[in-house]
Amino acid sequence: MKNAFTTGLALAAAVAMGFPAVLHASQNARPIQVAHAHGDHGQHAQGNGHGHGHARPGPSQEAIAAMPTAAVDISECWIRLLPLPAPSAGYFNAKNSGTDTVTLSGAASKQYGAVMLHQTTHKDGMSRMSSVEGVDIAPGQMLQFKPGGYHIMLEKPAAQIKVGDVVPMQFLFTSGQKAEADCEVKPANTLAK
Ligand SMILES: [Cu+2]
């Protein structure tokens, strides 16, 4: 399982390098402190069982339900499902259709107990992942979360999640607004929706 997973990740990295993200990381990301680095997501599975360590309690589902909707269109949302205890990753496009810059600062789902914004970067042949506090999206701009770059890290599933499921996800902005999308659950070897 680990071999297949590592191969999948290498392929994902190759894809990411072959098709540069719309936005370069340094333009938009504001990483919070230096997170621990690790070679691949598989190392999550070998941790101490306390998850990735960057989970902060987010707003409740009740609070999110009351939030106004942001002028941001979320599309192509999908989840790459990994066997527990590894976290799964979520990817999507976020297009700012409004007139003000918005800052994506988190995500939530009633299907997962912990959802974090992450960024994978590649340097010297190493893949490194860190938490991201917020990502700016300018008016008219589309930000891509995709394998090898930004992703949401999903931990603590509320119930067993399987390929083919649809997981509702809420995306949270520093403005106090939200955007919503349904995310399709795909197998671990999926590279793009
Ligand atoms: Cu991650």
Side-chain angles (χ1 to χ4, degrees), residues 1-2 4-17 19-26 28-58 74 76-94 103-109 111-135 143-157 161 167 169-172 181 183-193:
M1 194 55 98
K2 182 157 196 298
F5 171 60
T6 304
T7 303
L9 204 78
L11 284 170
V15 166
M17 285 186 267
F19 301 92
V22 168
L23 300 169
H24 191 270
S26 59
N28 288 65
R30 291 199 298 271
I32 48 172
Q33 67 216 12
V34 177
H36 60 268
H38 44 78
D40 65 53
H41 288 71
Q43 291 188 17
H44 281 295
Q46 294 152 13
N48 57 14
H50 288 96
H52 192 58
H54 300 290
R56 284 152 293 169
I74 306 290
E76 303 282 304
C77 187
W78 63 284
I79 290 168
R80 180 157 63 191
L81 186 67
L82 295 184
L84 292 171
S88 291
Y91 308 101
F92 55 92
N93 296 332
T103 304
L104 178 67
S105 56
S109 173
Q111 301 276 46
Y112 285 96
V115 182
M116 291 149 281
L117 293 186
H118 273 187
Q119 183 178 31
T120 302
T121 51
H122 303 281
K123 197 183 173 194
D124 304 327
M126 287 287 291
S127 175
R128 171 184 294 251
M129 197 163 79
S130 54
S131 288
V132 172
E133 188 177 54
V135 187
L143 184 68
Q144 290 184 303
F145 275 58
K146 61 183 189 177
Y150 291 119
H151 55 279
I152 47 177
M153 200 95 262
L154 305 161
E155 294 180 345
K156 302 178 188 163
I161 291 171
V167 172
M169 191 75 59
Q170 294 113 13
F171 302 87
L172 309 175
C183 306
E184 226 177 292
V185 178
K186 304 270 197 179
N189 62 356
T190 308
L191 297 180
K193 181 165 181 178

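Residues take their numbers from the sequence shown, with the count starting at 1. Just so you know, ligand 1 is whichever comes first in the structure, and atom 1 is the first atom listed for that ligand.
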Item checked: Of all N/O/S atoms in H151, the name of the one nearest the Cu ion (ligand 1) -> NE2
Notebook entry, point to check: With the Cu ion (ligand 1) at the center, what angle do ND1 from H118 and SD from M153 span, rounded to 10 degrees?
Noted result: 90°
Notebook entry, point to check: Backbone N or O of G149 within a donor-acceptor pair of the H151 side chain at under 3.5 Å?
Noted result: yes
Note to self: With a cut-off of 2.8 Å, does M116 put an N/O/S atom close enough to the Cu ion (ligand 1)?
What the structure shows: no
Next item on the list: Using modelled atom types only, decide if a donor and an acceptor are shared between the side chain of S88 and the backbone of L82 within a distance under 3.5 Å.
Entry: yes
Margin query: Would you say the ring centers of Y91 and Y150 fall short of 6.0 Å from each other?
Written below: no
Check: Has the side chain of R80 got a donor or acceptor atom that lies under 3.5 Å from a matching backbone atom of T190?
Finding: yes
